[in-house]
Amino acid sequence: GQQVMQIPQYQHVQEGEDFTTYCNSSTTLSNIQWYKQRPGGHPVFLIQLVKSGEVKKQKRLTFQFGEAKKNSSLHITATQTTDVGTYFCAGNPGGGADGLTFGKGTHLIIQP
Amino acid sequence: DSGVTQTPKHLITATGQRVTLRCSPRSGDLSVYWYQQSLDQGLQFLIQYYNGEERAKGNILERFSAQQFPDLHSELNLSSLELGDSALYFCASSVEEGGLLHSPLHFGNGTRLTVT
């Protein structure tokens with residue numbers, strides 16, 4: 001089936017540095033969702049983007065949806081140890097019949 | 001607490017056996033999704049049910065089956081288990097049917113299956 005590609009797979013940063021993860025689809029997405037999974041936990045919904053070019057902010061987190069609705073990014077400013085975890089994007093690149101497809105996630109590792 | 005309940009939390013079984021994983025969705029949610037998470041494989045979509053009916057199907061093996069009951073709880077049945085089936089199995093629920101526009105998913109804590 002269609003896939004949602006996410007890069008990088010791992011990202012090591014020093015505490016206080018910025019972090020960005022990217023999500024790409026070969027087909028247009030109706031919407032894109034972002035989730036965070038803490039080590040040993042379950043994915044938790046962060047945000048949903050629907051409109052072309054949409055930008056949303058949650059404190060130090062900035063989410064963008066591309067103009068063509070085929071890519072998205074999550075940027076964290078001045079990372080903190082509480083940001084540690086895996087960040088997943090999710091969409092429906094195959095249309096309605098394929099469920100919600102998750103990218104493989106970006107593991108954020110923060111060095112104090 | 002997401003409101004989604006999964007049982008059991010851990011399951012250890014032998015190859016060739018059959019197990020059933022159970023999920024109770026969040027109150028008011030009609031859709032139930034099942035995902036498999038293996039090391040470095042992300043979240044693999046298995047199947048989705050909406051109000052008792054199969055709504056979408058992913059890379060679910062023929063040895064696996066699922067259903068959603070009238071009270072909206074769901075069960076995932078895994079049979080003829082192989083070592084490679086060892087993984088964390090998540091259930092998630094949402095309010096809407098899905099399709100082109102999915103509403104946010106609320107995940108349970110998962111069932112960790114170990115096949116020996």
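Chain A is the first sequence line, chain B the second, and so forth, proteins listed ahead of strands; every chain is numbered from 1. On a predicted model such as this, the values are computed, not experimentally measured, just so you know.
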- Query: Taking B/R112, B/Q44, B/Q37 one by one, which has the highest count of heavy-atom pairs under 4.5 Å against chain A?
  - Reply: B/Q37

- Message: At a 4.5 Å cut-off on heavy atoms, which part of A/Q37 comes close to chain B: side chain, backbone, both, or neither?
- Response: side chain

- Task: Flag the pair B/V4 / B/C23 as yes when at least one side-chain heavy-atom distance between them is below 4.5 Å, and no otherwise.
- Result: yes

- Cationic N near anionic O, under 4.0 Å, A/E54 to A/K56: yes

- Message: Counting heavy-atom pairs under 4.5 Å with chain A, which one of B/N109, B/L88, B/L105 comes out on top?
- Response: B/L105

- Query: Near B/E62 CD, under 6.0 Å, is it more than 12 heavy atoms from other residues, nucleotides or ligands?
  - Reply: no

- Sub-4.5 Å side-chain heavy-atom contact between A/N24 and A/V4: no

